[in-house]
Each structure stands twice: as structure tokens, then as C-alpha cells.
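Input: a single structure, listed below in C-alpha cells.
We use all heavy atoms of the structure for the numbers below, so side chains are in, but hydrogens, waters and symmetry mates are not.
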Amino acid sequence: MGQHRRRGSRRHRLLAPSLFTALSAVVVATVVAGTHGFDLSDATAAGKEARSPRAVAVAPATSPAADTTPSRTPTPAPSATPTPTDSPSSTAPATPDAHSVVLGATGPAPADNRETATVGALFSGSVAPGNHFCTASVLHSATGNLLLTAAHCLTSTDGVTFAPGYRDGSAPYGTWRVTAIHTASGWSEKGDVDEDFAILETAPSNGRKVEDVVGGNKLGTDEPFGATVRLYGYPADAEVPNLCTNTTAQQSAYQRVIQCPSYPSGTSGGPWINTATGDVVGAIGGYQQGGDTDDTSYSAYFDHTVAELYDQAEAAAS
């Protein structure tokens with residue numbers, strides 16, 4: 001179960017019949033630069049990472065369960081060569097227009113928006129339609145090169161790139177190569193769903209760090225379960241990110257849940273951004289690796305565990 005439990009606490013595991021004794025609150029981060037050899041044993045998880053031949057190189061080496069959902073094959077769009085541009089316009093709105101929001105409704109995320117620009121797709125191989133397998137977002141940090149995603153999304157950095165603001169075959173701000181993966185010990189050692197989050201390091205692109213180009217979202221921890229969030233994610237069969245705003249609830253002691261339709265495979269790792277604070281308080285993952293239906297998504301609760309992981313990742317990236 002890792003080091004996620006608060007000192008002195010006890011809880012009922014969702015995927016096991018007995019109670020476990022609380023462990024220390026100290027997090028030991030696992031850093032991966034290449035192959036990461038953990039063994040995930042949660043046999044009930046279905047997951048929302050893209051399940052296609054292109055994702056094999058970065059999907060967990062031991063799959064938690066076979067996917068019985070019919071394969072979704074993306075319809076290729078005309079290929080476009082990613083061309084880096086300046087940061088999102090200072091005149092662009094910082095966040096989507098809250099006045100027109102219908103809670104629980106899903107639609108395309110707006111383009112030319114500073115918050116949307118921090119959200120992107122993870123690619124295995126070339127940045128082209130059909131090659132993205134999970135979602136990630138830029139974390140604000142002193143180093144300016146950190147991303148947030150789900151731990152179950154990848155076990156190797158080989159050939160993995162991040163394209164913020166990606167849509168319709170184009171990477172408008174450029175692409176960044178992923179160079180290291182940081183996970184909490186509960187995940188790396190036992191595949192603890194309560195620690196299904198990862199912080200990635202990226203290398204500079206054309207001499208620029210990713211946060212210098214698109215900005216980043218601050219990490220929010222210990223925030224109420226009943227927060228209203230904007231939920232982003234790139235479906236594997238789409239070339240534009242989804243956006244849904246709704247209020248989250250507590251699914252278990254260390255899991256958030258949200259009802260938003262049309263979040264299928266590929267949306268794993270998508271950020272949950274608190275509408276009140278602008279902080280990122282979750283990432284699609286956790287229970288059932290983010291949910292085994294398209295309309296319900298989960299996230300591991302962000303508390304001291306992810307905060308300590310963030311500190312270690314930032315120190316390693318310095």
C-alpha cells in the first residue's frame with residue numbers, strides 16, 4: 001500500500017477484503033529513465049490509457065486486466081509538422097468562460113486559452129494523429145520542466161514526447177521529450193491505486209523549457225472532496241481535448257470521483273483543475289485506473305504523498 005496512509009489511520013481497501021495497518025507518511029519516489037520494472041497486480045482495473053499497438057511501448061509491462069471494449073481506431077487527419085510558436089497570447093482568456101458552463105456536460109476544450117495550452121497529449125513516436133496514448137499537463141515548478149500524469153500511463157521514457165495544446169495533428173507550441181518518470185513508492189512497489197500519479201521531467205526544446213512557453217498549473221493538495229473542477233482529457237479516437245466542469249465527490253478515503261460523459265481510453269492523466277483556485281487537484285487515474293466506463297472518472301486524492309513526490313521531482317530536475 002506504499003506510504004500513502006496518514007499516521008494512525010485505518011481504512012477498508014476497495015480491492016481487498018481486509019483492513020490494513022497504516023504506514024509511515026514518508027514518500028520514497030521512484031525515478032525511471034528507461035524501463036521501470038514494477039509489477040502491477042490490481043486485476044480489476046480497466047484503465048483509460050489508450051489501448052492500441054502504438055501504446056504498447058509505454059503501457060504497463062504487466063496489464064492489470066484484458067480490455068474487452070471494442071478497439072477504437074482513430075481516423076487519421078492530415079499530418080501537420082509541429083511548429084513552435086510564442087506562448088499563448090496575453091490577450092487570451094486565462095480559463096474557459098465560466099458563464100456558459102453547464103455542469104456535467106462535455107465538449108471540445110477551447111483553443112487559444114492559457115489554461116488549455118498547459119494540457120497536452122503524450123505520444124509514442126512521432127507527433128501525429130493516432131499516436132497519442134495518454135494526457136498530461138504542465139506543473140508549475142522552479143525548474144519549469146515538470147508534467148503531471150497518471151502513473152499507470154507509462155513505464156518507460158523511450159520515444160515519449162509531450163505536445164501541449166495539441167489538436168488536429170498540430171503541436172502549436174512545440175514538443176518536449178520526456179526524460180524521467182517519478183512515482184511514489186506505493187505505486188512503484190505494489191501498484192497502489194491511491195498513488196496512481198506521476199511527475200515527468202522534460203528536456204528543453206529549442207533551448208526553451210515547457211513552462212516558459214505555455215505556463216503551468218500550481219499543485220493543489222488537501223483540498224475538499226467537494227470541489228468544482230475542469231476536467232481535461234484527450235480521447236484516443238479524437239484529435240481535440242475534451243473539457244467538462246463538474247463537482248467532485250469522495251469515492252473512498254483516498255479517491256475522488258466525478259461524473260463527466262465521454263472520457264474513454266486516452267484520457268488517463270488528464271488534470272482536474274479547481275475552478276476556485278486554479279490549482280490542479282487530481283489526474284484521471286486511481287481506482288480502476290481512472291474508471292472502467294466513459295462517464296465516470298476517478299483520481300487519487302492529492303495530499304502529502306503527491307506533495308512530497310513533487311518536492312523530490314523538483315529537486316531531481318534542478
Side-chain angles (χ1 to χ4, degrees), residues 50 58 77 79-96 108-141 143-150 153-154 157 159-181 197-219 230-236 238-243 266-273 278-280 283-284 313 317:
V58 291
S79 179
T81 302
T83 303
T85 65
D86 293 332
S87 343
S89 169
S90 59
T91 61
T95 59
D112 195 23
N113 174 275
R114 280 177 279 167
E115 183 177 274
T116 305
T118 67
V119 182
L122 291 172
F123 287 80
S124 174
S126 62
V127 176
N131 278 359
H132 55 89
F133 62 91
C134 267
T135 305
S137 59
V138 184
L139 270 181
H140 171 66
S141 66
T143 56
N145 65 341
L146 301 182
L147 310 178
L148 172 71
T149 191
C153 275
L154 66 170
T157 62
V160 179
T161 56
F162 172 67
Y166 172 83
R167 60 180 59 218
D168 298 325
S170 175
Y173 307 112
T175 61
W176 280 262
R177 181 171 57 88
V178 174
T179 57
I181 308 166
F197 40 74
I199 297 176
L200 313 179
E201 293 181 47
T202 58
S205 177
N206 296 318
R208 304 177 75 181
K209 297 178 179 179
V210 62
E211 188 175 348
D212 293 339
V213 176
V214 299
N217 306 304
K218 291 182 179 179
L219 181 67
R230 286 182 289 274
L231 183 67
Y232 291 89
Y234 281 85
E239 297 302 302
V240 174
N242 280 350
L243 173 61
T267 59
S268 282
W272 305 40
I273 299 179
D279 296 343
V280 58
I284 294 177

Roughly how far, to the nearest 0.5 Å, is the [atom2] atom of [Y] from the [atom1] atom of [X]?
X      : Y      : atom1 : atom2 : value
Asn206 : Thr175 : CG    : OG1   : 8.0 Å
Leu139 : Lys218 : CG    : NZ    : 12.5 Å
Tyr234 : Thr267 : OH    : OG1   : 12.5 Å
Leu219 : Leu148 : CG    : CG    : 7.5 Å
Thr157 : Leu200 : OG1   : CG    : 9.5 Å

### Message
Which label fits Tyr166 and Phe123: parallel for a plane angle under 30°, tilted from 30 to 60°, or perpendicular past 60°?
### Response
perpendicular
If you take all heavy atoms of [X] and [Y], which pair is closest and at what distance?
X      : Y      : result
Gly278 : Asn217 : O-CB, 4.4 Å
Arg177 : Thr161 : CA-CG2, 4.2 Å
Ala121 : His132 : CB-CB, 3.7 Å
Pro164 : Pro172 : O-CD, 4.1 Å
Thr118 : Val214 : CG2-O, 3.5 Å
Ile284 : Ala150 : O-CB, 3.4 Å

### Task
Examine distances only and state if a side-chain atom of Glu211 and a backbone atom of Ser141 form a donor-acceptor pair shorter than 3.5 Å.
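A pair under 3.5 Å: yes.
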#### Entry: Check: Thr202 side chain, Asn145 main-chain N or O, donor-acceptor pair, under 3.5 Å
yes
### Student check: side-chain heavy atoms of Arg230 and Val119 closer than 4.5 Å
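SC-SC contact between Arg230 and Val119 ruled out.
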### Close side-chain approach of Thr149 and Phe162, heavy atoms under 4.5 Å
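No, every pair of side-chain atoms sits at 4.5 Å or beyond.
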### Message
Could you tell me if Asp168 and Ser170 have a donor-acceptor pair between their side chains, going purely by distance under 3.5 Å?
### Response
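No - no donor-acceptor pair under 3.5 Å links their side chains.
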